[in-house]
2 protein chains.
Amino acid sequence: MKKYLLAPGPTQVSPEVLLAMAQPILHHRAPEFAKILERVKQDLKWLYQTQNDVLIIASSGTGGMEGSVTNFLSPGDKALFVNSGKFGERWGKICAAYGVKAEEIKVEWGYAVKPEQIKAALQKDPSIKAVFTQANETSTGVAHPIREIGEVVKQFEGTLMVVDAVSAMGVFDIQTDAWGLDVVVTGSQKALALPPGLAFVSVSEKAWRQSEKAKNAKFYFNFKKEREGLAKNQTAYTPAVSLIVGLDQSLRMLKEEGLQNVFARQGLLAKATREAMKGLGLSLFPKEYPSDAVTAIEAPQGYDGQAIYKDLRVKYGVTAAGGQDQLKGKVFRIATMGYMDTFDIITAVAAVEMVLKGMGHPLKLGTGVGIAQEILLKK
Amino acid sequence: MKKYLLAPGPTQVSPEVLLAMAQPILHHRAPEFAKILERVKQDLKWLYQTQNDVLIIASSGTGGMEGSVTNFLSPGDKALFVNSGKFGERWGKICAAYGVKAEEIKVEWGYAVKPEQIKAALQKDPSIKAVFTQANETSTGVAHPIREIGEVVKQFEGTLMVVDAVSAMGVFDIQTDAWGLDVVVTGSQKALALPPGLAFVSVSEKAWRQSEKAKNAKFYFNFKKEREGLAKNQTAYTPAVSLIVGLDQSLRMLKEEGLQNVFARQGLLAKATREAMKGLGLSLFPKEYPSDAVTAIEAPQGYDGQAIYKDLRVKYGVTAAGGQDQLKGKVFRIATMGYMDTFDIITAVAAVEMVLKGMGHPLKLGTGVGIAQEILLKK
């Protein structure tokens with residue numbers, strides 16, 4: 001059966017990138033590779049909208065998150081983290097693993113954190129050294145108001161703003177410098193449309209200063225060593241050469257499209273998906289700020305979200321995602337980030353219609369597709 | 001210019017593996033991927049000659065080394081490490097980063113550690129919880145007598161034998177179970193002939209028991225979580241999907257060849273390289289136990305090793321390696337591990353002859369090639 005990947009990571013990889021990665025392997029100390037690293041480090045700054053260093057690490061995004069705790073904090077330091085889903089929880093677990101006293105702002109799944117909650121917590125305890133949050137909580141499909149939170153945290157001299165933008169960077173606007181985001185993590189397998197295996201982390205001067213005092217143990221995720229390496233167009237340890245060659249191609253394609261055009265395309269595709277689902281009488285799971293990266297859709301009353309996810313895959317070859325943890329069975333998720341365009345959305349919506357119809361749902365085939373087409377015509 | 005990669009990692013990747021990795025990306029929770037993971041976890045046991053779990057981690061080999069410290073030791077624990085080159089040093093640095101009191105057995109570069117040195121150190125202090133060594137020290141091209149060291153460490157109930165086999169596994173015989181090797185690390189970019197980006201770690205039951213008491217901080221390199229994931233044909237965090245698809249192909253090819261045949265081929269290629277260099281009047285850097293992974297050759301008197309390395313690359317497109325740290329300028333290194341065969345060796349030897357001739361060295365062209373041919377005829 002022909003396969004269609006619409007999962008929230010890994011996402012589809014373009015033929016151009018697959019072919020770039022299929023070239024004979026380069027040695028990581030060869031001048032040809034140094035040239036590529038020089039180019040991608042500039043292009044990553046473009047993507048991040050930053051003048052900060054953007055480090056390149058051979059690991060999944062979680063490795064980047066771990067380094068964003070250990071490089072800036074010491075055991076016993078205080079931190080604040082937003083927990084509005086599975087990836088928010090992860091900040092708490094990493095802090096706990098490294099002895100950081102992380103206070104939790106628990107947000108009901110489906111909602112975004114309010115900047116005032118962050119402000120109140122920091123005012124109450126200005127000794128908090130870092131605020132950890134997601135830009136987009138992949139498990140719920142809710143985007144947090146990063147710009148506004150950034151403005152709050154900026155007021156606190158001793159506090160870093162650390163953002164997990166793994167499923168956000170390259171999907172919607174994240175202005176690293178303008179918004180005062182000190183540390184921003186992303187991964188290769190989302191909007192960058194590469195296979196998994198690379199993490200990227202931008203680090204501000206404020207964060208570098210704080211890193212001088214950070215006593216947490218680290219070796220592989222040593223950001224200072226990575227910064228020194230990058231200055232010489234190297235990495236601290238053997239880089240994932242083929243993925244970086246693919247990254248070079250992926251960033252070239254994004255640059256050709258233009259950042260605002262990328263955001264507009266990603267926004268329109270997500271909107272078409274959301275409106276189509278609503279037009280089919282389905283409810284979106286997010287109660288506010290639905291993100292343009294992934295759309296979480298509630299299973300209709302009497303239907304199992306996991307069964308919908310499974311039928312999409314087994315009957316039609318469409319790999320979407322089910323719900324995680326407390327959302328298991330309640331939702332299914334369709335990701336539209338990355339190397340996606342008009343007819344990926346049509347495919348996704350048509351497949352959902354056909355799966356629900358096959359389960360006995362009384363929808364009229366083509367209803368959602370028509371709504372999506374209407375919106376996508378505006379492209 | 002056509003390029004020839006003969007460096008000690010990354011090594012050449014076969015067209016079969018490059019094409020496997022160029023296939024459309026799989027989702028890491030899809031049943032197709034679980035099947036691949038199931039297969040590679042069995043095939044890795046075959047490669048490692050073990051019944052132990054072999055964990056698969058998205059990082060360079062150094063990440064696997066870090067986890068091999070943090071998962072088995074607590075701050076303040078005593079350890080022993082063999083330092084006979086750049087990678088031996090690294091064990092010491094990782095231990096220091098995590099507060100492990102690691103005693104160093106310093107071995108002059110070019111020599112192997114003596115099992116009696118390990119025995120004496122453990123007898124003097126049986127509270128040492130782990131011995132860290134390389135199977136092959138990539139910076140010097142010397143193999144340590146792992147089997148004999150394993151037999152020593154096996155006698156000490158509270159001591160783990162931890163081996164960095166990054167440039168050894170799949171090159172020469174490493175019998176994980178028979179030799180009592182508790183933790184064995186390797187990477188994707190050496191004999192497995194994949195791009196960099198994967199680390200592999202085997203863990204014995206003795207090591208798992210010790211891991212229960214290990215208090216060192218860890219999150220991304222959490223071996224227990226990886227073991228639990230692997231039991232369900234998953235990994236703890238998003239795996240490097242495309243590299244694992246390539247791994248499946250690489251292991252298939254090695255299995256078709258047969259492990260003893262792989263070792264015989266690798267041994268013969270290395271021997272041909274060594275004898276050809278000696279026949280040219282050059283000296284090998286190793287004073288004992290030259291490894292079959294990489295051959296370190298002393299630059300002839302009055303010649304600069306870095307210039308030889310550079311001319312190989314610039315004039316002939318042959319990427320070998322220079323010397324690291326104290327060996328910079330004194331040696332150049334030719335790696336023959338991985339996806340290599342007869343005419344890679346002929347290429348390497350011929351290129352060295354042509355570079356030296358071009359520098360004014362009075363050798364007779366074809367001398368080394370003839371010696372290599374003589375040996376390779378025995379294949």
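Naming convention: chains lettered A, B, ... in sequence-line order (proteins, then strands); numbering from 1 in each chain.
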Among B:Pro24, B:Ala321, B:Pro195, B:Pro15, which has the most heavy-atom pairs under 4.5 Å with chain A?
B:Pro195

Using heavy-atom distances under 4.5 Å, tell me whether B:Leu19 contacts chain A through its side chain, its backbone, both, or neither.
neither

What pair of heavy atoms forms the shortest contact from A:Pro8 to A:Val294, and how long is it?
CB-CG2, 4.0 Å

Who are the side chain to side chain contact (heavy atoms under 4.5 Å, CB included) partners of A:Ala320, not counting sequence neighbours?
A:Leu312, A:Ile334

Got a second to check how far B:Met169's CE is from B:Phe200's CZ, nearest 0.5 Å?
11.0 Å

Can you pull out all donor-acceptor pairs below 3.5 Å that join chain B and chain A?
residue: B:Gly9; atom: O; partner: A:His27; partner atom: NE2; Å: 3.4
residue: B:His27; atom: NE2; partner: A:Gly9; partner atom: O; Å: 3.4
residue: B:Ser60; atom: N; partner: A:Tyr220; partner atom: OH; Å: 2.8
residue: B:Glu66; atom: OE1; partner: A:Tyr220; partner atom: N; Å: 2.5
residue: B:Tyr220; atom: N; partner: A:Glu66; partner atom: OE1; Å: 2.5
residue: B:Tyr220; atom: OH; partner: A:Ser60; partner atom: N; Å: 2.8

Which residue out of B:Gly67, B:Ala199, B:Ala22 racks up the most heavy-atom pairs below 4.5 Å with chain A?
B:Ala22

Which value, rounded to the nearest 0.5 Å, describes the distance between B:Leu26 atom CG and A:Leu5 atom CG?
8.5 Å

Answer yes or no: is there a side-chain heavy-atom contact under 4.5 Å between B:Met65 and B:Val162?
no

As an exercise, state the distance from CG of A:Leu247 to CD1 of A:Ile36, rounded to the nearest 0.5 Å.
10.0 Å

What option among B:Leu194, B:Val17, B:Val241, B:Leu198 has the most heavy-atom pairs under 4.5 Å with chain A?
B:Val241

Side chain, backbone, both or neither of B:Pro239 within contact of chain A (heavy atoms, under 4.5 Å)
backbone

Residues forming a ring pair (Phe, Tyr, Trp, His ring centres under 6.0 Å) with B:Phe81, sequence neighbours excluded:
none

Selection from B:Ala30, B:Ala240, B:Pro196, B:Pro75 maximising heavy-atom pairs under 4.5 Å formed with chain A:
B:Pro196

From CG (B:Leu192) to CE (B:Met253), nearest 0.5 Å
11.5 Å

Listed by chain and number, what are the side chain to side chain contact (heavy atoms under 4.5 Å, CB included) partners of B:Ala96, not counting sequence neighbours?
none

Pick from A:Ala97, A:Ala58, A:Ala20, A:Pro10 with the largest number of heavy-atom pairs that fall under 4.5 Å of chain B
A:Pro10

Contact origin within B:Ile57 toward chain A - heavy atom pairs under 4.5 Å:
neither

For residues A:Phe221 and B:Phe221, determine if any side-chain heavy atom of one lies less than 4.5 Å from a side-chain heavy atom of the other.
yes

Quick check for you: among B:Val13, B:Leu243, B:Ile25, which has the greatest number of heavy-atom pairs under 4.5 Å with chain A?
B:Ile25

Within the 4.5 Å heavy-atom criterion, are A:Phe132 and A:Val69 side-chain neighbours or not?
yes

Of the listed residues (B:Ala7, B:Gly63, B:Gly246, B:Gly197), which shares the most heavy-atom pairs with chain A below a 4.5 Å separation?
B:Gly63

